[in-house]
There are 2 protein chains.
Amino acid sequence: MATTDKASTRDRLLDAAAELFYREGVSIGVEALCRTAGVSKRSMYQLFASKDEVLAASLERRLPAYEARLASGAQDAGTPRERILHVFERLEKASTEPAYQGCPYLAALVELKDPQHPASVVARVAKERLQGVFRERAAEGGARDPQLLARQLMLVFDGASARAGAGIETLDGLAVPTATALLDAAGMS
Amino acid sequence: MATTDKASTRDRLLDAAAELFYREGVSIGVEALCRTAGVSKRSMYQLFASKDEVLAASLERRLPAYEARLASGAQDAGTPRERILHVFERLEKASTEPAYQGCPYLAALVELKDPQHPASVVARVAKERLQGVFRERAAEGGARDPQLLARQLMLVFDGASARAGAGIETLDGLAVPTATALLDAAGMS
DNA sequence: GCGGGAGGAAACCGATCGGTATATCGCCTT
DNA sequence: AAGGCGATATACCGATCGGTTTCCTCCCGC
């Protein structure tokens, strides 16, 4: 069935796109992208209207895996406080990988300064979802102002991922204590 | 005197470069850069070896003004705590400007993923200097671990500037309370 | 076996990339 | 007034940009 071939071509393209955009930045060319994906430009432009749409789709495709990685194991176990701190533990751990370049969604927003860009829209959704998770846990844990705490945690999360990705910080023993201080200040269990 | 002309050409070029790189990103072309600066490519390549050097020099040139902006007024007045919080007040204020795109040094590090890039070196210096200021104030204020507190404050600073620059956060009433919580947790006066 | 559609390779499009070379102009010095 | 230097404008270089098109091959159902 033709659908199978088409889907696998699409998958190969989006996987290569996600990796290349992350490693080299959004300015990577269509030529290089298709070459490493093993997909012809013709096929790419049959599946997507433009390079921008490929970038947006590759970010969207990675979102479930990205969120699962931050949750990992213990999805529903532990107190709300533990579940929040777990995210920062995962961040600290991810940042030790040699290829770590920071959160790909924040990087996309910074590199594409245009908020209208289709990839920027996807990136904003990713960021809002994480903030929403923080807010829910904060509310469950009895934080004084769950929304404020969630915003504060996002500052730490994005600052940490950006600095680690830029190679100017090693989060070892930094992200978790910082988040802890904010949880305490918010009066969370 | 010829020196004057040369300096003004250089200044015009670096000023335009700083503004364009900040607004459009590091991928702005040499052609467009020289056009808006009113400088010929020939002159540019006599003053600098490459576009990369122009970028690095433009970041370096803006550093004193950038630091002065974060300090503003009250350079030596106030308690160490007040002086730290003052930086976050300035950040909150700067982020309200419509053209705000976040800290240009962090943006450069994120966009140029190469840590060897001459502009990345300058950007790292800028970040280290701010962290050094935080550390000194933290020590003066009797923080338990001045270096740890300085790193935590940098997380908040960079997270806040990146998110505000990306247009996904308005720092209003966020950056200062977050920094305050960390100062309190560090046991600082 | 044969027709047809999908997909790949590659040429091609105009534009722009970073960088260089040429030729001329204007100003300062002597 | 003459010379020289700094600056400009402009054309040019090969490469690459995002995107389109042509051609050809391979594989599928009939």
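The figures that follow rest on heavy atoms only: side chains count, while hydrogens, waters and symmetry mates do not.
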Salt bridge (Lys or Arg N to Asp or Glu O under 4.0 Å) partners of residues 90-112 of chain A, not counting sequence neighbours, each pair once: A/Arg69-A/Glu97, A/Glu111-B/Lys113
Whole angstrom value for the distance that separates C1' of D/dT20 from CZ of A/Phe48: 18 Å
Mutual orientation of the aromatic rings belonging to A/Phe134 and A/Phe88 [parallel < 30°, tilted 30-60°, perpendicular > 60°]: parallel
Residues A/Arg124, A/Glu128: salt bridge by 4.0 Å N-O rule: no
Atom pair distance, as rounded to whole Å: CD in A/Gln46 and C1' in D/dG19: 13 Å
Side-chain H-bond candidate by donor/acceptor type, B/Arg42 with B/Gln46, under 3.5 Å: yes
Contact list for DNA chain C against residues 15-25 of chain A - heavy-atom distance below 4.0 Å: none
Distance in angstrom units between B/Arg12 CZ and D/dT8 C1', rounded: 11 Å
Closest contact, heavy atoms only, B/Ser189 versus B/Arg81: O-CD, 3.6 Å
A/Leu47 CG to C/dA6 P, straight-line distance once rounded to whole Å: 12 Å
Nucleotide-resolved protein contact map, nucleotides 9-17 of chain C, B/S/- at heavy-atom distance under 4.0 Å: B-------S
d(OH, B/Tyr45; P, D/dA11) in whole Å: 19 Å
List the atom pairs, donor and acceptor, that lie under 3.5 Å between side-chain atoms in residues 169-176 of chain B and the rest of the protein, sequence neighbours left out.
| residue | atom | partner | partner atom | Å |
| --- | --- | --- | --- | --- |
| B/Glu169 | OE1 | A/Arg151 | NE | 3.3 |
| B/Glu169 | OE2 | A/Arg151 | NE | 3.0 |
| B/Glu169 | OE2 | A/Arg151 | NH2 | 2.9 |

Fellow cluster residues of B/Ile168, listed by chain then number, with links counted only when side-chain atoms sit under 4.5 Å apart: A/Leu109
Partners meeting ring-ring contact (aromatic ring centres under 6.0 Å, His included) with B/Tyr45 (sequence neighbours left out): none
